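Down below is the structure, laid out as structure tokens.
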Amino acid sequence: MLLNNDTKPPDVPQKQSFFEDFKEFTTETTSHGIKYVFHAAYKWVRLIYLVLWLAAVGYTISIVFVSCKKYFSMETGTKIEEKTIPVHESGEVAITHPTITVCPNNIISKTYLAKHPNLDEVMKKLRYFNESETPSLFSDPKYEDYADMTYHDLMWQGRPRVGLLQCTYFAHDCRFIDPFNKPDYDTKTYHWDDSYNGSSHNHYEWEVSLSGSCYRINPRGDLWAKVGDYGEIRLTFFTDLNDYSSASKEEPEYGYLVTFTDSGTYSSTATSGFFMSPGNVYKADLRKYKEENLGPPAGKCDIESKNNVYGSYSINSCNKLCRDQHVMEKCGCVHILPPHPENDPDNEFVGCTLKQWAECGLRETTEFTKEFVNMQDNKVHCEHCNPACMEVWYEATISSSRLSTFYAEAKLNELDGLINGFKLNEGNATEDYKIAKETVYENLMVLKVMFTSIQESTIKEYYKYDYTQLIGDVGGQMGMLLGASLFTVIEFIHFFIKSFFRGFRNNVNNPRSPPFQRHMDMDSLN
């Protein structure tokens, strides 16, 4: 069929090069400056824009690289945040008192040792491990009576006869205040001594540790405190120096070791404490701290941690448990029974007898301590023990003054029944006890615990460079140097994808493929 001369052949789309497509694209993109590389009136102007644009692109790429490297390095730092303690339901600013653990330095009393001949010699020989003497200690007939006595029972039964005399809170006896006066108050059962009845003193419980039998006052953290003297706890102790054993007298300190912890932490896992001696009045000004640590991958806190047999999880309680598990595995027993065996029902902890401790426990504990951090071989025991993700601790500022002789004299009447009440003269290996002003002055210790600030400090671990800073740095450089945004990046990606598919389609038997559309629509990819 012949065509009419007036008939025009159909339009055949002409192929367009990638360069021409990109040149068209620069007039539409939201990035500023690049269009002048192609469309400025003069060549020298286009050259200047090209140099500036390439320099801006190069610098932006370097900034993006550095920022990403900094972000993925996950460096952390610590910062301190201060916040005011929230208002209690009573309407007053309040904070909970810590658990106050008080351990007498007279771990085993003279009265107890007097009833058990040669036991003081056994205890002295078990203080340090001697390879040639310690394992065979109980082959000596004079010590064999104590071979089956457990270390835990020794600490518990040999505790001093007297210690905490009085606890007052807002000038009221702790025994008769809420919640300790409630009949349904959850008193801790002493799993090592079912016969002991501690229901008469719910304001404290006992903790048996290597520091002896310790008082845990305010054991659940129930008591609220207000700032200053109005919210103080006052504790009065009678040291009973006449009952100090010969081993205790060899130590330079006497009196008590005092620690301030949250209710879930025990003195056996605390890293520090304060020595306090009789004949003095002490004031402890407290400040509460929290420590928050990051979990993996940047941080090392154990996000799966849970309370263990030593109470609240911490790196110290984990290390303590790790040591006990090591000794338990090697010797079949532990030095002192942990306070909360119910937290690990799958494992039964058995207290070592003195003979087991002499033959195995002391040696294994000594070796474990030596190898705990072996710097020479770069070997660390208990590698699974990481910091807790959140811990609470208290900073204490201690001040003291000598006990007033007038105060001691005034206390004579109150302590008049002390001898009979605590049976101080029964089983005493030395002279009879006689309460006098000098006796009170030498043995009495008063501790006042209060808060000096309503601020709670949080030591928080944080990312030095997080994703918001990454986005801010990259976006800021792109916007300032290239006038680009997130949508600009999307436009460039869209352009290159369309160019790829158009080029691919042109090469697959489609010579009549249309040129690159100025207005890019995804339908052209179909």
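All of these numbers come straight from a predicted model, not from anything done at the bench.
Taking 4.0 Å as the cut-off between side-chain N and carboxylate O, E205 and R220 count as a salt-bridged pair. A salt bridge is defined here as a Lys NZ or Arg NE, NH1 or NH2 lying under 4.0 Å from an Asp or Glu carboxylate O, and E456 with K288 meets this definition. At a threshold of 4.0 Å, the pair E81-K79 counts as salt-bridged, since one of the basic side-chain nitrogens sits closer than that to a carboxylate oxygen.
Less than 2.5 angstrom separates the SG atom of C385 from that of C318. Disulfide criterion (SG-SG under 2.5 Å) for C389 and C301: met.
Here the side chain of D21 pairs no donor or acceptor atom with the backbone of F25 at under 3.5 angstrom. In terms of modelled atom types and a separation under 3.5 Å, the side chain of S499 and the main chain of F495 share a donor-acceptor contact.
With 3.5 Å as the limit, one finds no donor-acceptor pair spanning the side chains of E391 and S314.
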### Task
Under the disulfide (SG to SG under 2.5 Å) rule, what do C352 and C331 come out as? Steps first, then yes or no, please.
CA-CA 8 Å; C352 286; C331 308; over 6 Å; no
Atom pairs and distances, side-chain donor-acceptor, residues 39-53, under 3.5 Å, sequence neighbours left out:
residue, atom, partner, partner atom, Å
H39, NE2, K23, O, 3.1
R46, NH1, A40, O, 2.8

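Among K320, E207, H340, the single residue meeting the side chain to side chain donor-acceptor pair (under 3.5 Å) criterion with Y266 is H340. The only option from T101, L235, T99, V449 that meets the side-chain contact (heavy atoms from CB on, under 4.5 Å) definition with I217 turns out to be L235. The only option from D324, N343, T269 that meets the side chain to side chain donor-acceptor pair (under 3.5 Å) definition with Y310 turns out to be D324.
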